[in-house]
There are 2 protein chains.
Amino acid sequence: MNELLRVARALGDPNRVRAFLALEKRELCACQLIELLGLAPSTVSKHMAVLKHAGLVDSRKSGRWVHYRCTGKRAVPAVREAIAWAHRSLRHDPQITRDRRRLVAILLRTPAEACDTDRSPVTRRSAVAAARR
Amino acid sequence: MNELLRVARALGDPNRVRAFLALEKRELCACQLIELLGLAPSTVSKHMAVLKHAGLVDSRKSGRWVHYRCTGKRAVPAVREAIAWAHRSLRHDPQITRDRRRLVAILLRTPAEACDTDRSPVTRRSAVAAARR
DNA sequence: TCGTTATTTCGCCAACAAGCGAAGTATCGG
DNA sequence: CCGATACTTCGCTTGTTGGCGAAATAACGA
């Protein structure tokens, strides 16, 4: 039952839930999650490690940046079911809705100065479009 | 998102998960859960209050006894989905399997001396049969 | 009414979790 | 190399949680 316990505990903290839901439609690098949540980098790093250990999220390192993404369909069935539960029950949550809006701004702004200098304008535009959906 | 947080936190403790899974097929009174978990009555009472507050469980008082039961189909959709997730991911869990076996013994023994003096032998037999399934 | 039994509430302690800042690791740009 | 940038790990503080036993509440049975 350790898998269920890890997943349940990972989803038991509001900031982790916010970070996890922000990854519903796209991957994000740590600095974008830090800006979204407004927490210290070390805190966000710890939160992401918890989500990762639970199998809800994985990460890919590209240069200086670590990109996090939801494991989604690649997750094992038990975790996949939890992901569907979380996404569905928070679809209309006010906090998550606010976060979605703020993400649009973050995705528009941070590319120029930070995380994805290697991301082409066209990719950036589609990421923003995805965030609006 | 408070509902999800309450449910996730409720399912984040192994003893609460065991108690909750024990209620999958039948209702149980507090003393049976106390015996199953081997914890102090006050501790079990607190655990059940957490499960109840999360909407995973409700209770019905009958005389001296409080019978707990899974809210199951009566739960709101978000909670119902979590219930299905928990039940499905723990169907073959070793600890839960051990608990199911011990429950058979508890259901056979406790009626005579404790909780369900008001339960007729035929009902008791069917409860035991359900526990074996 | 009085004692007994079932359960909850209260008060406490130890373990854990979330937060931060400082120091450490890794990668890029010069 | 050296500084800067992006994270992560470490050490610490503070709030929360899980456990217990003792006392309180409730209901039954004599």
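Every chain is numbered from 1, with letters handed out A, B, ... down the list of sequences. Predicted, not measured: the structure shown is a model, and the values here were computed from it.
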request  = Return the minimal non-hydrogen interatomic distance between B:Thr97 and B:Asp93, and the atom names on each side.
outcome  =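 Nearest pair, atom of B:Thr97 first, then B:Asp93: OG1-O, 2.7 Å.
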
When the distance from [atom1] of [X] to [atom2] of [N] is rounded to whole Å, what number comes out?
X	N	atom1	atom2	result
B:Leu33	C:dT8	CG	P	10 Å
B:His67	C:dT7	NE2	C1'	12 Å
B:Glu35	C:dA6	CD	P	12 Å
A:Leu5	C:dC16	CG	P	14 Å
A:Ile34	C:dG19	CD1	C1'	14 Å
A:Leu51	C:dA18	CG	P	10 Å

Protein-nucleotides 24-30 of chain D N/O pairs closer than 3.5 Å?
| from | atom 1 | to | atom 2 | distance (Å) |
| --- | --- | --- | --- | --- |
| D:dA26 | O3' | B:Lys61 | NZ | 3.4 |

key: Rounded distance (nearest 0.5 Å) linking atom NE2 of A:His67 with atom CG of A:Leu23   =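 A:His67 NE2 to A:Leu23 CG: 12.0 Å, rounded to 0.5 Å.
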
message = For the CE atom of B:Met1 and the CG atom of A:Leu11, what is their distance to the nearest 0.5 Å?
response =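 Nearest 0.5 Å value for the CE-CG distance: 11.0 Å.
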
Output yes when a side-chain donor or acceptor of [X] lies under 3.5 Å from a complementary backbone atom of [Y], and no otherwise.
X	Y	value
B:Thr71	B:Leu56	yes
B:Arg100	B:Leu21	no
A:Glu35	A:Gln32	no
A:Trp85	B:Ala78	yes

ask   = In dot-bracket notation, what is the pairing pattern of DNA chain C, taking Watson-Crick (N1-N3 plus N6-O4 or O6-N4) and G-U wobble (N1-O2 and O6-N3) contacts under 3.5 Å, with [ ] crossing and | for other strands?
value = ||||||||||||||||||||||||||||||

key: In one Ile/Leu/Val/Met/Phe/Trp/Tyr side-chain cluster, 4.5 Å: B:Phe20, A:Leu5   =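 Yes: a chain of side-chain contacts under 4.5 Å links B:Phe20 to A:Leu5.
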
ask   = Could you write nucleotides 16-23 of chain D as a row of B, S and -, 5' to 3', where a protein heavy atom under 4.0 Å of any base atom gives B, of only sugar-phosphate atoms gives S, and otherwise -?
value = --BBBBB-

message = Looking at D:dA6, I'd like to know if its phosphate oxygens (OP1 or OP2) sit under 4.0 Å from a side-chain N or O belonging to A:Tyr68.
response =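 No, no such contact exists.
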
ask   = Can you name the residues that form a side chain to side chain donor-acceptor pair (under 3.5 Å) with B:Ser42, not counting sequence neighbours?
value =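 Expected list: none.
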
query = Which pairs count as salt bridge (Lys or Arg N to Asp or Glu O under 4.0 Å) when at least one residue sits in residues 14-23 of chain B, sequence neighbours excluded?
reply =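 Residue pairs passing salt bridge (Lys or Arg N to Asp or Glu O under 4.0 Å), neighbours aside: B:Arg18-B:Asp99.
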
ask   = Among pairs that include at least one residue of residues 76-89 of chain A, which meet salt bridge (Lys or Arg N to Asp or Glu O under 4.0 Å), considering only residues two or more places apart or in two chains?
value =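 Qualifying pairs, neighbours excluded: A:Glu81-B:Arg88, A:Arg88-B:Glu81.
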
